[in-house]
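Note that the structure is predicted; figures quoted are calculated from it, not measured. Just so it is clear, the values below take in all heavy atoms, side chains as well, and ignore hydrogens, waters and symmetry mates.
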Amino acid sequence: ISGDDEVNAELKKLKEDLDYSSSASTPATAEKDVELRELTSELADMLDAGAEKEEVLKIVKKLQRTLKIRNQILMASR
């Protein structure tokens with residue numbers, strides 16, 4: 001996807017995190033679900049535009065943190 005090995009490695013980790021996360025959605029996770037969709041769209045736009053490596057990595061890290069929080073909320077609501 002990217003011409004940078006570090007970005008590709010981080011994108012691969014993010015994909016794995018998303019693959020192993022529950023797709024279940026609850027009212028408790030709704031806000032984080034919206035945030036994840038918005039960040040994912042922003043990341044795709046950045047990659048399409050050839051954004052700077054540090055900008056891309058910053059969004060990837062934000063996505064990872066948001067996903068982690070979302071999953072914690074989901075687990076706590078079960």
CD (Gln72) with more than 12 external heavy atoms under 6.0 Å: yes
Trace of the side chain to side chain contact (heavy atoms under 4.5 Å, CB included) decision for Val60 with Val7: CA-CA 9 Å; Val60 170; Val7 170; 5.9 Å; no
Spacing of Leu18 atom CG and Leu36 atom CG [to the nearest 0.5 Å]: 7.5 Å
Heavy-atom pair with the smallest gap, counting every atom of Ala24 and Leu74: O-CD2, 4.0 Å
Rounded distance (nearest 0.5 Å) linking atom CG of Asn71 with atom CG of Asp17: 8.5 Å
Ion pair check, Glu10 and Lys61, cut-off under 4.0 Å: yes
Distance (rounded to the nearest 0.5 Å) between Asp4 CG and Leu57 CG: 7.0 Å
Under-4.0 Å salt bridge between Lys13 and Glu16: no
Trace of the side chain to side chain contact (heavy atoms under 4.5 Å, CB included) decision for Arg65 with Lys62: CA-CA 5 Å; Arg65 284 190 308 270; Lys62 191 169 183 179; 3.8 Å; yes
Residue pairs, two or more places apart or on separate chains, that pass salt bridge (charged side-chain N to carboxylate O under 4.0 Å, His left out) and touch residues 36-49: none
Residues that Glu6 engages under salt bridge (charged side-chain N to carboxylate O under 4.0 Å, His left out), provided they are two or more places apart: Lys53
Inter-residue atom distance Leu63.CG - Lys58.NZ, 0.5 Å rounding: 13.0 Å
Gap separating the CG atom of Asp33 from the CZ atom of Arg70, nearest 0.5 angstrom: 4.5 Å
Nearest-0.5 Å distance that lies between atom CD1 in Ile69 and atom OG1 in Thr29: 13.0 Å
Residues Asp19, Lys15; criterion side chain to side chain contact (heavy atoms under 4.5 Å, CB included); working and verdict: CA-CA 6 Å; Asp19 287 346; Lys15 182 190 178 307; 2.6 Å; yes
Cluster overlap Leu67 with Met46, hydrophobic side-chain contacts below 4.5 Å: yes
